[in-house]
Visitor: 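Quick one: structure below, then a few questions.
Sequential numbering from 1 along the given sequence is applied to the chain's residues. As the structure lists them, so they are numbered: ligands from 1, and atoms in each ligand from 1. Just so it is clear, the model here is predicted, and its values are computed rather than measured.
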Amino acid sequence: MRSWSIPVGRLFGVDVRLHLTFFILPTFVFWTDYSLHQGNATGPRDLAMVGIILVCVALHECAHMLAARRFGLVPKAVILLPLTGVALYDESHVVKPKAAQLWQREVRLALVGPLASLALASLAVGVVTASGRGYELWKFPFLQATNLPKSLVWANLYLAVLNLMPAYPLDGGRILRAFFSRTLDAAAATRRAVSISNAIAMVLMLAGLFSDNWLTMVGVIVFSAAQLEERALVFQSVLDNVRLEEVMLTDFATLSPADTLEDALEKAVHSLQDDFPVVRGSDMVGVISKQRILDALRAEGNGYVQAVMNKIFEVSLRQDSLGSAFRKLTARNSSIIPVVEDQRLIGIVTLQNLMHSMSLLAETRKLQREESES
Ligand SMILES: [Zn+2]
């Protein structure tokens, strides 16, 4: 997914990515520090400030994800922005609650974040006050690289308050969308929330140009987050609604277990496929990849496909969803799924062709939507 983010690691089984806006932040903090202190800004101090914001956002998002777990939603990945995070959930084993309960769940999930930030702010106030040093907690400017303890308190307070703005996908915007979803279907509710969010982002960006530059930064973040979230939702709906028969390859090459590896490689060279079903008569007996054939040839010389093919594989049916195929692929760490009907091989789905069809399908849906709106 083109998401303008880079992976930074895993936390409690969740892939964590940092969004591009996080890399603009140090420059931005440095610039603010510089203009406040007449060129007396220091790099390490400013980086510590960015670190504080990162940790506060990460904790805010952890609160959301822990709450989501309680509702049976399993977080897979999260993209962190300096104000919020966009999380992707694995909804495969979730029993979807009734619409009436769904919107209440959304509101609860949204409120958890600001409450957590508020709790962290109080904790920070407690610690700072107990330290007995005068940090001028309530004196403007609140976010200041020269006063990191004060910034710790205010970063959390700002996160709690700003996230309540009705700008989707900030928490306030999620609550707004939940209310829309009482009368509209999910996609329409999201669209309405996103357009309100875009308007707010626009106003913030413009207002920031004439007043505090941090407003512009907030506007940029809100706008980016809304784009990300919308794209994730399109991706999710493609996964849920597209059947394998719409995307499977029906014109494909197969190998026989009795083929020698050299023959198999020869066939593979003349095909665009990276993965092959291995078929005996009309029975599916295994799968093998071009890479596996090459590796086996290099390591042990010529042999038979039978000996090196993968005999454990999952099959899907033509009416299975794209999402279920994706999960089978990632769970088995394999790159091909045979599609069968009455035990007969009727198509294949490979990781390679999924990637292509996903982006094509997402574009097609977007076009259809734009057409239906105009
Ligand atoms: Zn939040």
Visitor: Could you grab the protein N, O or S atoms closer than 2.8 Å to the Zn ion (ligand 1) for me?
Guide: H60 NE2, H64 NE2, D171 OD1, D171 OD2
Visitor: Answer yes if the ring centres of F28 and W214 are under 6.0 angstrom apart, and no otherwise.
Guide: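 Judged by ring-centre distance (under 6.0 Å), F28 and W214 do meet the cut-off.
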Visitor: Report yes or no: do S117 and H60 form a side-chain donor-acceptor pair below 3.5 Å?
Guide: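 H60 and S117 do have a side-chain donor-acceptor pair below 3.5 Å.
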Visitor: Which residues pass the side-chain contact (heavy atoms from CB on, under 4.5 Å) test with L249, not counting sequence neighbours?
Guide: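 side-chain contact (heavy atoms from CB on, under 4.5 Å) check on L249 returns I348, N353.
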Visitor: So, H64 versus N163: side-chain donor-acceptor pair below 3.5 Å or not?
Guide: no
Visitor: Within 45 degrees of the ring normal and closer than 6.0 Å to the centroid, is that where the cationic atom of R177 sits relative to Y168?
Guide: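 No - R177 does not lie over the ring of Y168 by the 6.0 Å and 45° rule.
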Visitor: Is it true that E229 and R174 make a salt bridge, defined as a side-chain N closer than 4.0 Å to a carboxylate O?
Guide: yes
